[in-house]
Amino acid sequence: MKIKALKGFKDILPGEVELWQILENTARAVFEQYNFHEIRVPVLEETALFQRAIGDTTDIVEKEMYTFVDKQQTLRPEGTASLLRSVIENGLLVQKPVQRLFTIGPMFRHERPQKGRLRQFHQLDIEVIGSKSPLLDTELISLAALLFSELGINVSLELNSLGCPKCRPAYREALLAFINERKDKLCSDCQRRSETNPLRVLDCKVPEDRALMANAPSIQDWLCEECGEHFNVVQQGLERLGIPFRLNKFMVRGLDYYCRTTFEFLTSDLGAQAAVAAGGRYDGLVELLGGPAGTPGIGFAMGMERIVLLMQQSGQDFQESIEPLDIYIAGLGDHGQKEASRLAWELRQDGFSVGLDYEGRSLKAQMKLANRENATFVFIIGDDELALGKGVLRNMRDRDAEQMELELKAEAFHFLDDLL
Ligand code: HAM
């Protein structure tokens, strides 16, 4: 019986993986422009890290984590908690009081798989730890906006503020009073949420609940002076940069660590999975995880599967950004193949990308392979030329170009540097 991949776990095959590379390379270039440094953290952590950071009553912690129950260890469902754990454990804030970090990798959530939603998915995760400036919130949002524009993807930005431990309790009470007036009409999930995490009721996807909550009080009207001022500066900053946004009082996010600014980049092109990037401030989280008291932080993560789907749907031709093979060597006969393998070694040491195969195929079959590999040149080592210590170079991009005889050594190919 064939063994298949797990449900919600997907292979990224050649043909698609090139898009991932383009995404990753574009992202790395933008991260560099914004002066971010890479950090790599493990995929397995103590379960308590996520319980504490994300919150016990969130869907992620309650229902979606892959936990080795006997070991109290969990495959990370997101990057922020692990990244902060590492920053604290390694004392990075002592070396540099503001850390600008990114990490790229797989995350694991046991959700119901559908288009754009997997159980192993990948995030580009960007975090700044150690600054509370609202200008930083604007800067981070601008980073995402630049990356989307470099990739040619259309998204819209939604913004909210979740206040802070000073102003949120009063809002929570006001919201709860509003919820309680219509509690028996809400879905059973929301009835439960109203007791554990009432803000999440705002986030419910059930249309009847949305209608019932349409006139719920907005947290934006309940912000304390400092949070209100912070939120204003963020919005003015975005206006100054010419980045359009829409305020959304219903955006509360599915993780408990947020305060003040939260934001999401949305698309209408992926059905139900609208969020392609999301994040916000988490000023209390470093302290909650045992780091220095009062250390602020902000970050966001981009869902790579969703971005790749949008790249595919955008109709752009990314072929041009894929590096073709420089030279395919077609060695004919036993001797020809041996010479091909020696020459390939020389050429690769000199920096060329080289393809060849060892199956003793006919010249016609090898030319087909060279085409499929998108080779720029083919070098044929056949019996006649071999006797003279030479082979024949063909230009696959320009069929009218003259064939050339070249000696079987790498130096003879150096003139190609200008053509490749
Ligand atoms: P999140 O909203 O849970 O936030 O996830 C961020 C993004 O990851 C989503 O907008 C979506 O694009 C992608 N994503 C989430 N779940 C899946 C899934 N099952 N399949 C495919 N893509 C998915 C966080 O994870 C926070 N750690 C973001 C953050 C960083 N906040 C501050 N810093």
Side-chain angles (χ1 to χ4, degrees), residues 6-10 12 20 23 27 36 39 41 45 49-50 53-55 58-61 63-66 75-87 99-129 136-137 140-141 143-144 147-148 153 155-158 160 162 200 203 251-267 269-286 288-289 296-311:
L6 295 171
K7 195 172 161 196
F9 288 69
K10 190 175 156 290
I12 304 169
W20 286 75
L23 168 57
F36 276 78
I39 181 169
V41 289
E45 299 273 2
L49 174 67
F50 303 115
I54 300 171
T58 56
D59 283 357
I60 297 180
V61 171
K63 304 187 215 159
E64 296 168 1
M65 295 208 304
Y66 282 90
L75 285 172
R76 61 179 184 194
E78 57 114 43
T80 314
S82 306
L83 198 143
L84 260 53
R85 195 258 322 126
S86 174
V87 166
Q99 286 287 340
R100 299 168 69 94
L101 300 167
F102 74 88
T103 194
I104 304 176
M107 310 291 158
F108 305 85
R109 293 184 197 174
H110 194 269
E111 295 189 84
R112 201 164 45 78
Q114 49 181 264
K115 184 178 177 187
R117 195 210 274 156
L118 286 117
R119 291 180 171 171
Q120 177 179 325
F121 61 100
H122 297 76
Q123 286 184 343
L124 300 160
D125 187 34
I126 296 95
E127 314 284 354
V128 182
I129 300 130
L136 174 62
D137 306 25
L140 268 194
I141 292 173
L143 182 158
L147 182 48
F148 285 125
I153 288 174
V155 283
S156 58
L157 169 62
E158 297 201 343
N160 196 13
L162 292 183
R200 289 305 311 276
D203 202 21
M251 191 222 298
V252 292
R253 310 281 301 121
L255 305 93
D256 280 354
Y257 49 61
Y258 292 110
C259 65
R260 294 196 168 169
T261 319
T262 53
F263 57 93
E264 289 187 348
F265 283 88
L266 305 174
T267 174
D269 300 334
L270 288 181
Q273 304 314 312
V276 273
R281 274 209 163 265
Y282 45 79
D283 291 345
L285 185 55
V286 173
L288 186 69
L289 296 178
I298 177 169
F300 70 96
M302 310 176 105
M304 296 179 75
E305 278 73 10
R306 296 182 190 177
I307 299 179
V308 168
L309 280 171
L310 290 175
M311 288 166 77

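Indexing begins at 1, ligand by ligand and atom by atom, following the structure's order.
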Nearest-neighbour protein heavy atom for atom 5 (O) of ligand 1, which is reported as residue plus atom name and distance: Gln123 NE2, 3.3 Å
Which atom of Gly8 lies closest to which atom of Pro113, heavy atoms considered: CA-CG, 3.9 Å
For atom 21 (C) of ligand 1, the protein heavy atom that lies nearest, with its residue and separation: Gly116 O, 3.3 Å
Within-4.5 Å side-chain heavy-atom neighbours: Tyr282 and Leu255: no
Enumerated ligand 1 atoms positioned under 4.0 Å from heavy atoms of Gly279: 31 (N)
Element-labelled atoms of ligand 1 that are located less than 4.0 Å from some non-hydrogen atom of Glu78: 25 (O), 26 (C), 27 (N)
Exam field: side chain Asn160 to backbone Thr262, donor-acceptor pair closer than 3.5 Å: no
Element-labelled atoms of ligand 1 that are located less than 4.0 Å from some non-hydrogen atom of Tyr257: 26 (C), 27 (N), 29 (C), 31 (N)
Presence of salt bridge, Glu305 and Lys10, under 4.0 angstrom: no
Which of the ligand 1 atoms, numbered from 1, are nearer than 4.0 Å to a heavy atom of Glu127: 30 (C), 32 (C), 33 (N)
Closest approach of any protein heavy atom to atom 32 (C) of ligand 1, naming residue and atom: Gly299 O, 3.1 Å
Close N or O approach (Arg117, ligand 1; < 3.5 Å): no
Short N or O distance, Met302 and ligand 1, threshold 3.5 Å exclusive: no
Gap between atom CG of Leu285 and atom CD1 of Ile54 - 0.5 Å precision: 9.5 Å
Polar contact flag, side-chain donor to acceptor under 3.5 angstrom, Thr261-Asp137: yes
Part of Leu255 with heavy atoms under 4.0 Å of ligand 1, whether side chain, backbone, both or neither: side chain
Ligand 1 N/O within reach of Gly79 N/O, cut-off under 3.5 Å: no
Minimum-distance protein heavy atom relative to atom 12 (O) of ligand 1: Ala275 O, 2.9 Å
Option whose closest heavy atom lies nearest to atom 2 (O) of ligand 1, chosen from Glu305, Met107, Arg119, Arg253: Arg253
Lys115 NZ: over 12 foreign heavy atoms closer than 6.0 Å: yes
Note, Lys63 side chain near Glu111 side chain (heavy atom, < 4.5 Å): no
Leu118 vs Gln120 side-chain heavy atoms within contact, under 4.5 Å: no
Atoms of ligand 1, numbered as shown, that sit under 4.0 Å from any heavy atom of Ala301: 6 (C), 7 (C), 28 (C), 29 (C), 30 (C)
Side chain, backbone, both or neither: Ala277 near ligand 1, heavy atoms under 4.0 Å: backbone
Any Leu309 side-chain heavy atom under 4.5 Å of Leu270 side chain: yes
Leu118, any N or O under 3.5 Å of ligand 1 N or O: yes
Closest approach of any protein heavy atom to atom 13 (C) of ligand 1, naming residue and atom: Gly303 CA, 3.6 Å
Close-contact set for ligand 1 against Asp125 heavy atoms, below 4.0 Å: 30 (C)
Criterion salt bridge (charged side-chain N to carboxylate O under 4.0 Å, His left out) on Glu64 and Arg119, from CA distance to verdict: CA-CA 9 Å; Glu64 296 168 1; Arg119 291 180 171 171; over 6 Å; no
Nitrogen or oxygen of Tyr282 less than 3.5 angstrom from that of ligand 1: no
Close-contact set for ligand 1 against Phe121 heavy atoms, below 4.0 Å: 14 (N), 15 (C), 16 (N), 17 (C), 18 (C), 19 (N), 20 (N), 21 (C), 22 (N), 23 (C)
Under 4.0 Å to a heavy atom of Tyr258 - the qualifying atoms of ligand 1, by number: 26 (C), 28 (C), 29 (C), 31 (N), 32 (C)
Result of checking Val308, Ile153, Ile104 against Leu23 for side chain to side chain contact (heavy atoms under 4.5 Å, CB included): Val308
Exercise: identify the closest heavy-atom pair between Arg76 and Val41: NH1-O, 3.4 Å
Atom 19 (N) of ligand 1 [closest protein heavy-atom partner, distance rounded to 0.1 Å]: Glu111 OE2, 2.6 Å
